[in-house]
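Each ligand, and each atom within it, is numbered from 1 in the order the structure gives. For the numbers below, each heavy atom of this structure counts, side chains included, while hydrogens, waters and symmetry mates do not.
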Amino acid sequence: MDLGLKGKRALVCASSKGLGLGCARALAEAGVDLVMNARGAEALEASAQAIRDDFGVQVTTVACDVTTEAGQAQVIEAAGAADILVNNAGGPPPGMWTDWEREDFIKALDANMVTPIALIKALVPGMMERGWGRVVNITSQSVKAPIAVLGLSNSARAGLTGYVAGTARQVAGKGVTINNLLPGIHATDRADALDRGVAEREGLSMDEAKAKRCATLPVGRYGTKEEFGAACAFLCSQHAGFIIGQNILLDGGGVNATL
Ligand code: NAP
């Protein structure tokens, strides 16, 4: 299928590894020039060079913390007249509902709600003027079904979801779509970190902790960043212009719900 994206330009935040990288690679495969971002410059440049070598697209790297105002200014400048925005950042740490103070919530809200909103506000007006744009926010299955140890994520991502629900319908008439992709468990560093948390809390080995989490998924395995990236590229494609303000779950059947 031709995604109709050749020559478009995308800002993919937090994309040196994991799901962001999966999205960057899938967009590059469709012919999209990229601005990639992460805090660590070395891994970012290595991932960017692999994309240039594999797909022959232009890739600009911006090594910064996208959850800071200074970082946002840097990626916005590099993005220029971007057609596509993929919002992503690291997820908040796990813990107990009794652990978190105001500062912990502010940090989670900054990273997983206020940052994507700031980038939407910066880049969507240009997309509207040009009559075409795509925004995909990487959120979490915790929006559909709360994860007890990830209360900070449950809260911040629900806030972004509400914002997107309203905003997506205000910009759709100008050819801009905004949607959320909700990852369930995918095989990334983040999944390793959460496996480690289970292992430590329950006195299990890493293999046992992973097997325990895999057993919660009807598909019997973790998702891959390639599968996730392909879904993102489709949402950004010319075929997805009628998909507005949706929350699309990629979870191997993990969330037990009819809708
Ligand atoms: P990951 O494998 O840990 O990768 C995170 C990527 O984001 C890295 O490239 C990292 O590079 C970059 N990054 C992190 N914080 C950043 C920041 N403040 N500014 C710029 N770049 C930043 O994580 P992932 O599994 O792909 O997860 C991506 C998002 O999906 C997270 O919000 C996570 O909570 C959510 N999620 C993941 C899963 C899962 O199972 N994997 C499930 C549900 C939700 P640097 O460290 O060098 O900055």
Side-chain angles (χ1 to χ4, degrees), residues 11-26 34-48 50-51 61-76 78 86-94 107-116 118-119 136-147 149-158 160-161 180-198 209-210 213-214 216-217 219 221-229 231-232 247-252 254-255:
L11 168 60
V12 187
C13 300
S15 56
S16 66
K17 297 178 190 167
L19 304 179
L21 177 58
C23 296
R25 289 188 63 85
L34 300 175
V35 176
M36 292 174 66
N37 151 259
R39 291 164 303 180
E42 201 176 320
L44 177 63
E45 190 45 47
S47 295
I51 289 177
T61 56
V62 184
C64 67
D65 183 342
V66 77
T67 68
T68 64
E69 279 184 31
Q72 287 152 27
Q74 279 180 263
V75 295
I76 289 164
V86 180
N87 272 315
N88 187 30
K107 208 169 162 194
L109 290 168
D110 262 342
N112 299 118
M113 177 182 165
V114 179
T115 295
L119 297 182
V136 175
N137 304 299
I138 300 179
T139 65
S140 172
Q141 65 179 353
S142 70
V143 171
K144 287 257 185 194
I147 300 170
V149 295
L150 291 178
L152 293 172
S153 173
N154 299 340
S155 309
R157 298 187 196 280
L160 175 64
T161 304
N180 303 318
L181 278 181
L182 283 54
I185 306 175
H186 285 72
T188 68
D189 289 357
R190 169 78 171 170
D192 286 346
L194 294 176
D195 288 346
R196 202 168 303 116
V198 171
K210 183 171 177 184
R213 292 217 300 152
C214 271
T216 65
L217 304 179
V219 77
R221 64 173 176 85
Y222 288 0
T224 69
K225 61 180 183 298
E226 290 78 14
E227 291 170 312
F228 192 88
C232 175
N247 292 283
I248 297 168
L249 193 57
L250 288 90
D251 72 338
V255 173

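- Arg190 approaches Pro92 most closely through the heavy-atom pair NH2-O, 3.0 Å.
- The immediate protein surroundings of ligand 1, defined as residues with any heavy atom under 4.0 Å of it, consist of Ala14, Ser16, Lys17, Gly18, Leu19, Asn37, Ala38, Arg39, Gly40, Cys64, Asp65, Val66, Thr67, Asn88, Ala89, Gly90, Gly91, Ile138, Thr139, Ser140, Arg157, Pro183, Gly184, Ile185, His186, Thr188, Asp189, Arg190.
- To the nearest 0.5 Å, the span separating CG on Asn112 from CG on Asn154 amounts to 11.0 Å.
- Screening Ile147, Leu150, Val149 against Leu194 for a side chain to side chain contact (heavy atoms under 4.5 Å, CB included) leaves a single residue, Leu150.
- The side chain to side chain donor-acceptor pair (under 3.5 Å) pairs that include a residue from residues 12-25 are Arg25-Asp54, where partners are two or more places apart or lie in different chains.
- Once rounded to the nearest 0.5 Å, the distance linking CG of Leu249 with CG of Asn180 reads 11.5 Å.
- By the 4.5 Å heavy-atom criterion applied to side chains, Asp195 and Tyr222 are counted as neighbours.
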